[in-house]
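Notes to accompany the following structure.
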Amino acid sequence: MADTNNNDSDTPHDLLGGLDIESTADIQVPESLIDQVIGQEHAVEVVKKAATQRRHVMMLGTPGTGKSMLAKAMADLLPKEELQDVLVYNNPEDNNTPKIRVVPAGKGKEIVDAHKLEARKRMQARNMFIMIFVFGIIIYSLYTGTLIWGIIAAVLIFMVMRQFMPKEEAYIPKLLVSNAGKEKAAYVDATGAHAGALLGDVRHDPFQSGGLETPAHDRVEGGAIHKAHKGVLFIDEINTLGLESQQNLLTALQEREFSITGQSERSSGAMVKTEPVPCDFTMVTAGNLDALRGMHPALRSRIKGYGYEVYMSDTIPDNAENRQKLVRFVAQEVIRDGKIPHFDSSATKEIILEARRRAGRKGHLTLKLRDLGGLIRVAGDIAHSENADMTLAEHVLKAKSIARSVEQQLADQYLERRKDYKMFEQEGSQVGRVNGLAVMGSDSGIMLPIMAEVTPAQSSFEGRIIATGMLKKIAREAVDNVSALIKKVSGKDTRSMDVHIQFIGTYEGVEGDSASISIATAVLSAFENIPVDQSVAMTGSLSVRGDVLPVGGVTYKIEAAAQAGIKTVIIPRSNMGDVMIEDEYKDKIEIVPVSNITEVLDKSLIGPGKKKLIKTIKKSYAFPKLNLGLADNIPGSPVSAPQ
């Protein structure tokens, strides 16, 4: 059986990067947030430069690689400036255009308190005058014998004076943005914010007249762009913002000030528009690569022209220095959580091994540290529930069985249902049937049975390739290349026959290229009537020359095959270094690396016709075009049970 773990010989010290520690309590964690970022040296360098010059930054990459952490760190790195408070005042000349005033941080609260005190004094004086006047009327009516009419007159006068005398509250400014007591620039996360929360809003006033209305300036609410003044505005998945909001955001970036108005046309707040409110912020945006498609071109141009674009790494080389960084990451997560015990060296070693496994790439460690941090916290919770002083390796192993993704849980159900209904075979041989392998999500392997059949053509003019199984665009187009395979290998005229290819149970569709060798094997088996060994599963892409090319997720696919009872798995030879299967599967399955289609057929076909077919292919001066692009990923739920 092929070696499935090239690093089994690592000593504990090697796995810890040469560190000689008893637990993560021995690791010194940097105080600065920017120094706690793991494995993103290029991004850290860019953020430091951008902070010094107050440049905008757009970070793209896989979720959980440290984008939001870098954005928070940038707020700490910005040059120290005098922070400011923003006040909004009533405008006596135009109530719908409140005035804006900017004052040093902390001064805004003092101004508001002073206005409140003055308003309270004026209100007390006014109330005293009203009370004296009312009591005067009552006393006069008492002497004249018209007490009842005096009381009625007093009440009416009291109500009229209260209603129509100037409201003292109208003269009290509202503190729109307060930085009182703050020493560093604000960090505002506006991810998922609607237009009002992002750009500011003016609340609706149901009582717009009759003396019951709320002053317009008192209904003004600052947006995230205003609260981030002199600081950092962070927006993740920026493509989810509407184009109008992105356009307004661009205006705020360019002008460094933005008036606040009501965001709803049906609200009375839509009639109000303040004077320009300062919003001189540094913007940090984040997202996956698809964020670029939904991003306003002018907004991206602004970032490129006045800032930086950074692509986040999702793996780092597996060397001593980077292993030490991951040890420090474990220590950071323990301290940040504050409720779990430190990890001893054996538990930390298991985390490093898991980082290798999740990298999915030989000689690398994963940088999807948010997911890895979840495993650390679950392991710590298990240790805490057992009242352990330290988190041990056994706790990490338990956590790996508990902290499983939804896709992994779905894949297990998917596999069990396919077993129950015999949707794939584990032994014997069948013509035109192959056990393919696919990945669900990013960390779960599943069995993907594929069947092929050759029948007389339904049309008298030409044969067809008929593929079923909810194939997506790339997969469906690629299936057409199967006819080239038949013509090249057999030399027969395919116009008199149809080739049917079925992906079994793929109700949510398939896409990718890792089932290319499975398709080729199934079609050749059906065309030449040569059985396929059903104890074999396979994954791999094909070049136009018949070379087997590497694919993703081989570790998870191999484990899925082992769970299904498959005895042998064929994978691309160049993927061997990526295999990091769990110990429980190592004795259950044989891993066979291959380099070309003839090796695939040699290991999967059985019967007397196999050698002749392989010999025919080898004699061909060029391999047929087999870059099928099929079944790398199934983005669906478990297969439903037959009715």
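Along the sequence shown, residues carry numbers from 1.
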Judged by atom type as modelled, is there a donor-acceptor pair below 3.5 Å linking the side chain of [X] to the main-chain atoms of [Y]?
X	Y	result
Thr391	Pro341	yes
Thr52	Lys48	yes
Arg55	Tyr306	no
Thr366	Lys368	yes
Asn322	Asp318	no
His384	Ile340	no
Gln246	His296	yes
Gln36	Val29	no

Are any of the side-chain nitrogens in [X] or [Y] under 4.0 Å away from the carboxylate oxygens of its partner?
X	Y	answer
Glu237	Lys67	no
Asp76	Lys184	yes
Arg357	Glu582	yes

Distance check, rounded to the nearest 0.5 Å: [X] atom [atom1] versus [Y] atom [atom2]?
X	Y	atom1	atom2	answer
Asp26	Leu19	CG	CG	10.0 Å
Gln84	Asn179	CD	CG	8.5 Å
Asn239	Thr285	CG	OG1	10.0 Å
Arg300	Met295	CZ	CE	7.5 Å

Dump the intermediate steps for side chain to side chain donor-acceptor pair (under 3.5 Å) on Arg328 and Gln324, then the final yes or no. CA-CA 6 Å; Arg328 194 187 77 204; Gln324 289 183 14; over 6 Å; no
Is the count of non-hydrogen atoms from other residues, nucleotides or ligands lying under 6.0 Å from Glu584 atom CD greater than 12? yes
So with a 6.0 Å cut-off around NZ of Lys567, is the heavy-atom count from everything else above 12?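 No - once you tally the heavy atoms of other residues, nucleotides and ligands closer than 6.0 Å, there are 12 at most.
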Any side-chain heavy atom of [X] within less than 4.5 Å of one from [Y]?
X	Y	answer
Val569	Leu437	yes
Asp344	His342	no
Ile38	Met69	no
Ile225	Leu199	yes
Phe343	Met390	no
Ile382	Ile402	yes
Ile235	Leu233	yes
Val551	Lys557	yes

Using salt bridge (charged side-chain N to carboxylate O under 4.0 Å, His left out), reason through Glu599 and Lys603 one step at a time and then give a plain yes or no. CA-CA 6 Å; Glu599 294 180 9; Lys603 296 294 184 181; over 6 Å; no
Test item: side-chain donor near acceptor, Glu350 and His395, under 3.5 Å: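 Side chains of Glu350 and His395: no pair found under 3.5 Å.
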Tell me whether the rings of Phe258 and His226 are parallel (<30°), tilted (30 to 60°) or perpendicular (>60°). tilted
